[in-house]
2 protein chains.
Amino acid sequence: MRMSEGVEWALHSCLNLTWVEPGEARTAARLAAFYDLPAAYLNKQLQALARAGIVTSTPGPRGGFRLARPPERITVLDVVTAIEGPGDAFRCSGLLRNGPEGRDDVDYARSCHVSQTMRRAELAWRRELAGQTLADLRDDVERSHPGTPARTREWFARQRP
Amino acid sequence: MRMSEGVEWALHSCLNLTWVEPGEARTAARLAAFYDLPAAYLNKQLQALARAGIVTSTPGPRGGFRLARPPERITVLDVVTAIEGPGDAFRCSGLLRNGPEGRDDVDYARSCHVSQTMRRAELAWRRELAGQTLADLRDDVERSHPGTPARTREWFARQRP
DNA sequence: GTCATACTACTCGGATAAGAACTGTCCGAGTGGGGTAGG
DNA sequence: CCTACCCCACTCGGACAGTTCTTATCCGAGTAGTATGAC
């Protein structure tokens with residue numbers, strides 16, 4: 001069970017978009033250069049975020065990506081779900097249906113105790129991620145490294161010409 | 001992020017081993033037949049459980065697998081870890097090290113706030129799985145379906161000749 | 001000088017390969033039990 | 001009848017292909033700004 005590396009990229013990129021000037025946008029190429037990542041592949045992840053309605057994209061010169069809504073209303077779970085898809089990590093295949101006691105009219109994903117335990121665990125995981133917004137993350141970073149927003153903006157401004 | 005299907009097989013098989021008579025063992029082939037699974041592949045998962053010290057295996061006729069310790073001392077997390085490996089789902093790649101503010105003497109897996117959030121979520125997931133033992137699971141099943149242990153034993157006894 | 005127009009550079013977006021991990025299968029090493037021959 | 005030995009069937013264990021998912025890359029559609037030429 002390995003989570004896609006795109007999740008990490010997406011989270012850091014969204015956090016980065018938190019510090020973009022209002023009305024501005026950041027291109028996938030610049031965001032990739034900031035972390036030294038393959039630009040085309042990061043673009044793919046940003047597309048997934050756009051499809052999920054987390055960021056908006058504008059093509060053409062001076063285009064790029066920006067957050068679709070204020071960081072207070074974007075949870076870490078939103079970003080993770082956008083990249084990894086909505087499906088659970090553990091998926092009950094209905095083993096018991098093929099067993100000697102199996103019934104066709106039972107939804108084993110609901111009634112099977114193994115499945116219930118796994119779902120309860122994933123629910124706890126999800127609850128933790130849903131309780132953390134992009135704004136919380138941003139505030140944590142700004143508290144630990146106060147100069148980061150200004151230095152980041154400056155870095156992107158320097159890349160422009 | 002999709003969990004290996006072997007986790008489900010391993011959990012159900014361990015639960016099944018809970019109802020084995022003391023001193024007896026169940027072969028991978030019989031366990032596989034019980035759920036209509038590919039025997040060789042289930043054997044592979046059981047080997048992983050044996051390497052983790054959750055079950056013990058004995059070769060030869062009348063051999064097979066049995067639990068290595070009482071079900072009260074085997075958590076669901078133990079089984080999941082044995083199959084999926086000890087690594088976390090989210091692994092911090094140290095993106096910030098390649099960024100303009102990156103330092104070589106910092107352990108970003110510890111200090112990065114994104115990484116911290118993800119680890120906190122996985123910890124909650126793990127805590128939930130570690131709080132559930134195989135004995136709890138067994139008791140739940142016996143409460144819901146009281147006849148299951150006897151019928152299961154009977155099924156395996158019938159397969160013997 | 002002003003306006004319309006064509007052009008160019010730049011951006012996202014989806015379609016297209018390479019690699020890794022999971023899934024599934026096979027055969028060999030080792031073991032325990034049962035049959036058999038001898039005492 | 002009892003015992004020691006040999007053979008065989010059975011089981012796990014690790015080595016070997018097939019398939020799906022993740023990772024990585026490329027080129028085309030569309031857009032905004034700019035230069036250019038006519039009025």
Side-chain angles (χ1 to χ4, degrees), chain A residues 1-10 13 17 23-33 35-52 54-66 68 80 82-85 87 89-91 93 95 156 159-161, chain B residues 1-10 13 17 23-33 35-52 54-66 68 80 82-85 87 89-91 93 95 156 159-161:
Chain A
M1 183 180 52
R2 202 173 103 272
M3 183 172 289
S4 168
E5 203 162 10
V7 170
E8 187 181 9
W9 302 3
S13 295
L17 289 178
E24 293 287 318
R26 294 215 168 138
T27 72
R30 309 261 192 237
L31 281 168
Y35 298 112
D36 193 30
L37 299 174
Y41 191 34
L42 177 62
N43 185 25
K44 198 181 186 63
Q45 315 295 347
L46 292 170
Q47 282 176 38
L49 294 178
R51 271 193 296 273
I54 295 175
V55 302
T56 61
S57 65
T58 58
R62 302 195 50 84
F65 295 91
R66 71 198 74 183
V80 172
I83 303 294
E84 288 290 331
F90 180 90
R91 251 163 289 186
S93 69
L95 239 65
F156 279 95
Q159 300 289 328
R160 180 73 58 183
Chain B
M1 182 181 52
R2 201 172 106 271
M3 182 172 289
S4 168
E5 202 162 10
V7 171
E8 187 180 9
W9 301 3
S13 295
L17 288 177
E24 294 287 318
R26 295 216 166 138
T27 71
R30 308 260 192 238
L31 281 169
Y35 297 113
D36 192 29
L37 299 175
Y41 191 33
L42 177 62
N43 186 26
K44 200 183 186 61
Q45 315 296 346
L46 291 170
Q47 282 176 38
L49 293 178
R51 272 193 295 271
I54 295 175
V55 303
T56 61
S57 64
T58 58
R62 303 197 48 85
F65 295 92
R66 70 198 73 184
V80 172
I83 302 295
E84 288 290 330
F90 180 90
R91 252 163 288 185
S93 68
L95 240 64
F156 279 95
Q159 301 290 327
R160 180 72 60 183

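Below, all heavy atoms of this structure are taken into account, side chains as well, without hydrogens, waters or symmetry copies.
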Report summary line: Tightest non-hydrogen contact, residues B:R66 and B:A25, listed as NH2-CB, 3.4 Å
**Report entry** Nearest to side-chain heavy atoms of A:S57, which nucleotide of D:dG13, C:dG13, C:dG32
**Finding:** C:dG13
Report task. Just call it for B:A28: base, sugar-phosphate, or nothing, with non-hydrogen atoms closer than 4.0 Å on any strand. Result -> sugar-phosphate
Query raised in the report: Within the structure, does a side-chain N or O atom of A:T27 lie under 4.0 Å from either OP1 or OP2 of C:dC12?
Result: no
Query raised in the report: Roughly how far, to the nearest 0.5 Å, is CZ of B:R91 from CD of A:E8?
Result: 11.0 Å
**Report entry** Integer-rounded Å distance: D:dG14 C1' and B:L42 CG
**Finding:** 16 Å
Report summary line: Between CZ of A:R62 and C1' of C:dT11 the distance, given in whole Å, is 13 Å
Report task. Determine: side-chain N/O of B:R66 to OP1/OP2 of D:dT11, distance under 4.0 Å, yes or no. Result -> no
Query raised in the report: Measuring from B:E5:CD to A:F90:CZ, what's the distance to the nearest 0.5 Å?
Result: 9.0 Å
Query raised in the report: Reckon A:R30 has a side-chain N or O less than 4.0 Å from the OP1 or OP2 of C:dC10?
Result: no
Query - Most 5' of A:N43 and A:G6 on DNA chain D, judged by nearest nucleotide - result: A:G6
Query raised in the report: Quick one: which of B:L17, B:T56, B:I83 gives a side-chain contact (heavy atoms from CB on, under 4.5 Å) with B:L49?
Result: B:I83
Query - Along DNA chain D (nearest heavy atom to each residue), the more 5'-positioned of B:G64 and A:A39 - result: B:G64
Requested in this report: Please state how far atom CD in A:E5 lies from atom C1' in C:dA21, giving the value in whole angstrom units.
Outcome: 15 Å
**Report entry** Proximal nucleotide (of D:dA24, D:dT23, C:dG13) relative to the A:W9 side chain
**Finding:** D:dA24
Query - Intermediate values then yes/no, salt bridge (charged side-chain N to carboxylate O under 4.0 Å, His left out), A:R2 and B:E84 - result: CA-CA 9 Å; A:R2 202 173 103 272; B:E84 288 290 330; over 6 Å; no
Requested in this report: Check whether any side-chain N or O of B:T58 sits under 4.0 Å from OP1 or OP2 of C:dT31, and answer yes or no.
Outcome: no
**Report entry** Separation of C:dC12 P from A:Y41 OH (nearest whole Å)
**Finding:** 17 Å
Query raised in the report: Just how far, in rounded Å, is P of D:dG14 from CG of B:L46?
Result: 13 Å
Query raised in the report: CG of A:N43 to CG of A:L37: how many Å apart, nearest 0.5 Å?
Result: 12.5 Å
Requested in this report: Please report, rounded to the nearest Å, how far the P atom of C:dT23 is from the CD1 atom of B:I83.
Outcome: 10 Å
Report task. Kindly say if A:Q47 contacts the phosphate of C:dG14, meaning a side-chain N or O under 4.0 Å from OP1 or OP2. Result -> yes
Requested in this report: Would you please confirm or rule out a distance under 4.0 Å between OP1 or OP2 of D:dT23 and any side-chain N or O of A:S4?
Outcome: yes
Requested in this report: Write down the distance between NZ (A:K44) and C1' (D:dT25), rounded to a whole number of angstrom.
Outcome: 10 Å
Query - Toward the 5' end of DNA chain C, by each residue's nearest nucleotide, A:G63 or A:A40 - result: A:G63
Report task. Ignoring the backbone of A:P59, work out which of C:dT11, D:dT11, D:dA24 is nearest its side chain. Result -> C:dT11
Query raised in the report: On DNA chain C, nearest-nucleotide positions of B:G60 versus B:P38: which is more 5'?
Result: B:P38
Report summary line: When rounded to whole Å, the CZ to P distance for the pair B:R26 and D:dT11 reads 14 Å
Query raised in the report: For C:dG14, does either OP1 or OP2 sit under 4.0 Å from a side-chain N or O belonging to A:R51?
Result: yes
